[in-house]
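Excluded from the calculations below are hydrogen atoms, water molecules and symmetry mates; all remaining heavy atoms, backbone and side chain alike, are included. When a ligand or atom number is given, it counts from 1 through the structure's own listing order. Small disclaimer: the values here were computed from a predicted structure and weren't measured.
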Amino acid sequence: MNFKNQTVDLTRPVVMGIINTTPDSFSDGGRFNSVDAAIDRCAAMVQAGAAFIDVGGESTRPGAPLVSFDEELERVIPVIEALSDRFDTVVSVDTSKPQVMRQAVSAGAALINDVRALQEPGALDAAAECNVPVCLMHMQGAPETMQNAPSYNDVISDVQAFLSARIAACSDAGIHKSNIILDPGFGFGKTLAHNYQLLAGLGRLQEMGYPLLVGMSRKSMVGNVLNNSINERLAGSLALATIAAQAGAQIIRVHDVQETVDVIAIVNAYRDYTLKGE
Ligand SMILES: Nc1nc2[nH]c(SCCc3ccc(S(N)(=O)=O)cc3)nc2c(=O)[nH]1
C-alpha cells in the first residue's frame, strides 16, 4: 500500500507505534509534551521496527474532554514535522478535525487515522484532498460517554454495517477504496464481551477486502481480565497482538514496539514454516 512516496508491504502484519502528545494521554502520562522527547521515542520505535508512527493530539480515551483546534495543532504539527524530516517510517496523524488533517499532511503525515471515520463536517473532503490513505474506525457514541452503556444487536454485523456505510461515503467523496484501511475500534463503545467478540470476528471484517488496523494495547480488554494497571499490561497486550496477527490484522497499533515486532516475527515464522506451499 502506498503512503505518499513510501510503500508498506501489508501482506504480513506490521507494527504502528504510538506517540501521544496529550497531557492526559491514556498511557504515557503526557511525557511527550516536548518535541525532543517525541523524536527520541520515535527513534527508538523506528529502530525497533515500527512501520508506522501514530501521532495524536486529542486524547480519545473514555471520558476524555474535547480539545480545541489550536491546542491540537500545537501538539501534533511540530512533532509530525520533526518526525517526517528525520525518519523514513510512515507518520500517521490521529485526528478527526479536517484542518488538522490538512496541516498534518502538509507537514509530512502520510496516513490519516480518524477514530470518528471522517464523520466531522468537512472531514471527507479534507481527506479526499489530502489524497493519502485513511483509517476508518468504528466508535459507538463519543469518548465522553461511549462506555456508559454500549449495546449492539450483533457487534460484528453492526460494526461491518457502519464501516460499509463509511466506505460508501468515502467513495462518494472521491476517496478510492485502495486508500482505505478499516478498524473495529477496540474500547470505543464496547463492553469486555464486545471487544473479545470483535477480536474473534476479525476474519469477517477481513472479508470486506480492506487492510485491518487494530488497537488493543494496554486497553481495558487487557486490564479487566488481568485486573492490573496500565503499566502492567504488556503480556496481555502481546497475547492480543498474537491473536490479531494470526487472524489477519495487517497493522497492530501498540505502545511497546520492540516486543510486538518480536511477537509478530514468531507468528510469521510459524506461518512460513507450517503453511509452505499451501
Ligand atoms: N485507528 C485507531 N486509532 C486509535 N487511537 C486510539 S487512542 C486510545 C483511546 C482509548 C484508550 C483506552 C480505552 S479502554 N477503555 O478500552 O481502555 C479505549 C480507548 N485507539 C485507537 C484504535 O484502537 N484504533
Side-chain angles (χ1 to χ4, degrees), residues 14-22 24-30 32 52-67 72 75-76 90-97 100-101 104 109 111-119 127 133-150 155 159 162-163 166 180-199 202 205 210-233 236-237 240-241 244 249-255 260:
V14 296
V15 174
M16 171 185 271
I18 300 167
I19 297 272
N20 275 324
T21 63
T22 59
D24 69 336
S25 68
F26 145 65
S27 85
D28 48 27
F32 295 119
F52 297 89
I53 299 291
D54 194 33
V55 180
E58 174 200 12
S59 175
T60 50
R61 58 168 175 65
L66 288 173
V67 67
E72 190 172 338
R75 290 175 185 170
V76 302
V90 176
V91 177
S92 156
V93 59
D94 189 339
T95 188
S96 301
K97 297 185 178 68
V100 176
M101 291 173 190
L111 169 60
I112 292 170
N113 175 25
D114 184 4
V115 299
R116 295 179 179 83
L118 301 179
Q119 294 175 101
V134 58
C135 178
L136 305 173
M137 194 198 81
H138 174 270
M139 178 189 323
Q140 186 177 78
E144 301 91 320
T145 56
M146 64 190 178
Q147 290 307 115
N148 291 348
V155 66
V159 167
F162 170 85
L163 293 173
R166 297 314 301 155
I180 289 175
I181 295 168
L182 301 180
D183 183 335
F186 290 101
F188 287 93
K190 279 92 177 180
T191 63
L192 188 61
H194 293 143
N195 283 321
Y196 280 93
Q197 286 156 14
L198 276 172
L199 181 58
L202 284 184
L205 295 180
Y210 297 86
L212 289 185
L213 191 157
V214 296
M216 301 177 283
S217 179
R218 302 185 185 175
K219 286 187 177 174
S220 62
M221 68 189 285
V222 176
N224 290 349
V225 171
L226 302 182
N227 295 314
N228 61 10
S229 68
I230 278 171
N231 294 326
E232 298 170 311
R233 295 177 185 173
S237 301
L240 292 175
Q250 279 84 3
I251 304 172
I252 319 271
R253 183 181 181 276
V254 303
H255 302 85
T260 308

Between the main-chain N or O of Ser217 and the side-chain N or O of Lys219, is there a donor-acceptor pair closer than 3.5 Å? no

Report yes if the side chains of Val155 and Tyr196 come closer than 4.5 Å at any heavy-atom pair, otherwise no. no

Test side chain to side chain contact (heavy atoms under 4.5 Å, CB included) on Thr22 and Arg61 and set out the steps. CA-CA 11 Å; Thr22 59; Arg61 58 168 175 65; over 6 Å; no

In ligand 1, which numbered atoms sit nearer than 4.0 Å to a non-hydrogen atom of Ser220? 14 (S), 15 (N), 16 (O), 17 (O)

Backbone of His194 reached by a side-chain donor or acceptor of Thr191 within 3.5 Å: yes

For ligand 1, indicate whether the residue Pro62 contacts it via side chain, backbone, both or neither (heavy-atom separation under 4.0 Å). side chain

For atom 20 (N) of ligand 1, state which one of Lys219, Arg61, Gln147, Met137 supplies the nearest heavy atom. Lys219

Of Ile181, Ile112, Asn113, the residue whose pairing with Val134 passes side chain to side chain contact (heavy atoms under 4.5 Å, CB included): Ile112

One residue to check: Val115. Relative to ligand 1, which of side chain, backbone, both or neither has a non-hydrogen atom less than 4.0 Å away? side chain

Side chain, backbone, both or neither: the part of Asp54 lying under 4.0 Å from ligand 1 by heavy atom: neither

Quick check on contacts: which atoms of ligand 1 are under 4.0 angstrom from a heavy atom of Asn113? 1 (N), 2 (C), 3 (N)

Numbered atoms and elements of ligand 1 in range of Thr60, under 4.0 angstrom, heavy atoms: 7 (S), 9 (C)

Non-hydrogen atom of Gly185 closer than 4.0 Å to ligand 1: no

Taking atom types as modelled and ignoring hydrogens, do the side chains of Ser96 and Glu58 form a donor-acceptor contact shorter than 3.5 angstrom? no

Determine yes or no for a side-chain-to-main-chain donor-acceptor pair under 3.5 angstrom, with Arg253 supplying the side chain and Gly215 the backbone. no

Taking heavy atoms and a distance under 4.0 Å, where does Asp94 meet ligand 1: side chain, backbone, both or neither? side chain

Show the atoms of ligand 1 that are less than 4.0 angstrom away from any heavy atom in Leu213. 1 (N)

